Amino acid sequence: MSKVMAVNAGSSSLKYKLYDMPEEKVICSGMADKIGHDDAKFILKYNGEKIENTLPILDHTKAVALLLEALTKYGVVDSLDEIECVGHRVVQGGKYFSKSAEFDADTEHKIDILTPLDPLHAQAHLLGYRAFRDALPKVPAIAVFDTAFHQTMTEEDYLFPIPYEYSRDFDCRRYGAHGTSHNYLAIKGEEYGAKRIISCHIGSGSSLAAINNGKCVATSMGLTPLGGVMMGTRTGDMDPSVMDYLATCTGKDVHELYDIFNKKSGFLGVSGISNDTRDVEEADLGGNKQAHIASLLFARRVADYIGSYFVRLGGADLIIFSAGIGENSPYYRELILRDVEEALGLSIDYELNKTVRGKEVMISKPDSKVKVAVIPTDEEVMIARDCYKRIKEGKI
Ligand code: ADP
């Protein structure tokens with residue numbers, strides 16, 4: 001048995017799960033939240049109990065120190081030497097990484113120079129990595145990239161129709177995101193005998209992927225996670241001239257508008273209520289018109305991508321719904337499926353759909369031309385699997 005730690009470091013949070021591999025058993029999990037504040041939280045879930053402390057956690061180094069201290073203090077491990085590998089989630093791997101990589105000085109450098117492509121996360125990932133490296137200098141680390149799974153796309157799927165030298169000189173192209181989740185869903189989909197899979201990872205950030213024989217052929221997010229379908233606060237795809245036109249109308253500059261497209265649009269912007277679909281759905285069902293149009297707009301965008309990927313794959317064997325909305329919202333699943341069912345020959349058990357929250361269930365009927373399933377995603381276990389693979393191969 002090998003113990004490996006899956007880590008997801010954000011700018012003010014650090015989530016972790018300790019696994020026993022290859023059993024994929026979660027030994028403990030938790031997070032440090034509000035890092036940088038005096039009233040930060042440290043949470044450890046172990047043996048059915050939740051230990052929660054509010055205290056100052058001023059940086060990632062402190063968060064990691066608290067975690068390692070807690071592991072021995074609460075008897076999760078007898079010694080920190082039991083941890084054989086730490087796997088870090090990294091959002092942007094750019095053109096450099098088509099699979100997970102050993103987290104060494106070279107990987108660190110590449111993630112650093114990719115910061116302009118992911119200003120929100122890149123430096124936070126590095127803070128998380130350095131904190132673990134300094135605290136556990138003998139324990140090897142790997143980086144698992146959200147973009148890696150999408151590196152199998154071909155040029156006609158990943159290039160933008162801009163002057164070619166911009167793509168060539170600035171690596172300006174589609175990278176996608178949520179690749180670790182889409183990869184997990186592709187593996188789950190294969191358990192149903194599906195070769196052509198449309199996976200819908202729809203949560204506060206949303207993306208779809210077209211997967212053929214386990215490989216991604218197209219995905220909806222673009223250069224950054226702003227592209228693709230409408231999301232909690234992001235626009236998704238738009239006519240690029242919206243930027244110029246709104247700059248003229250509002251007097252705001254490109255950076256302000258870019259920020260609005262990222263943080264104040266999507267469900268939040270259209271509904272004027274919330275970025276959380278639980279609130280928007282409630283308002284929609286209560287008769288709020290703006291909430292209703294936000295719901296329809298979202299469903300239409302997702303449906304359009306499903307249609308496009310159905311064509312891209314030459315048909316589909318399985319459509320998967322996953323992530324916060326996909327796993328938990330019968331309402332949005334139904335809105336989306338009603339939009340595509342006729343064209344795709346779907347037959348959906350909508351009564352069953354209403355009962356499905358957070359569990360794996362086939363919601364299509366046996367006569368459906370394409371199967372439709374709800375499958376909870378698990379990005380952390382993919383990180384743990386990559387750690388274990390490397391241990392087994394003796395690469396680290
Ligand atoms: P993240 O992108 O942060 O990982 P998640 O995949 O966890 O996000 O999705 C979070 C979003 O999922 C919430 O903002 C909300 O819109 C939606 N969501 C979560 N639970 C429910 C639910 N029970 N019903 C409807 N929507 C939900």
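We count ligands from 1, going down the list as the structure has it; atoms in each ligand are counted the same way. These figures come from a predicted structure and were not determined experimentally.
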| request: For Tyr16, enumerate each residue passing the ring-ring contact (aromatic ring centres under 6.0 Å, His included) test, keeping only those at least two apart in sequence or located in another chain. | output: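 Expected list: none.
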
| message | Please determine whether a side-chain nitrogen of the Lys or Arg among Arg133 and Glu108 lies less than 4.0 Å from a carboxylate oxygen of the Asp or Glu. | response |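 Here Arg133 pairs with Glu108 in a salt bridge, since their nearest N and O are under 4.0 Å apart.
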
| Are Lys195 and Asp317 close enough for a salt bridge, meaning some N to O gap below 4.0 Å? |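 The answer is no: the pair does not qualify as a salt bridge.
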
| All side-chain contact (heavy atoms from CB on, under 4.5 Å) counterparts of Ser12, not counting sequence neighbours |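 If we apply the side-chain contact (heavy atoms from CB on, under 4.5 Å) test to Ser12, skipping adjacent residues, there are no hits.
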
| task | Using a strict cut-off of under 4.0 Å between a residue heavy atom and any atom of ligand 1, list the qualifying protein residues by chain and number. | result |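 For ligand 1, the residues that come within the 4.0 Å heavy-atom cutoff are Gly203, Ser204, Gly205, Asp276, Thr277, Arg278, Ala323, Gly324, Ile325, Asn328, Ser329.
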
| field | By side-chain hydrogen bond (donor to acceptor under 3.5 Å, both in side chains) - contacts of Glu23 (at least two apart) | value |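 Partners of Glu23 by the side-chain hydrogen bond (donor to acceptor under 3.5 Å, both in side chains) criterion come out as none, since no residue qualifies.
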
| Are any side-chain N or O atoms of Glu281 and backbone N or O atoms of Arg278, one a donor and one an acceptor, separated by less than 3.5 Å? |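 No.
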
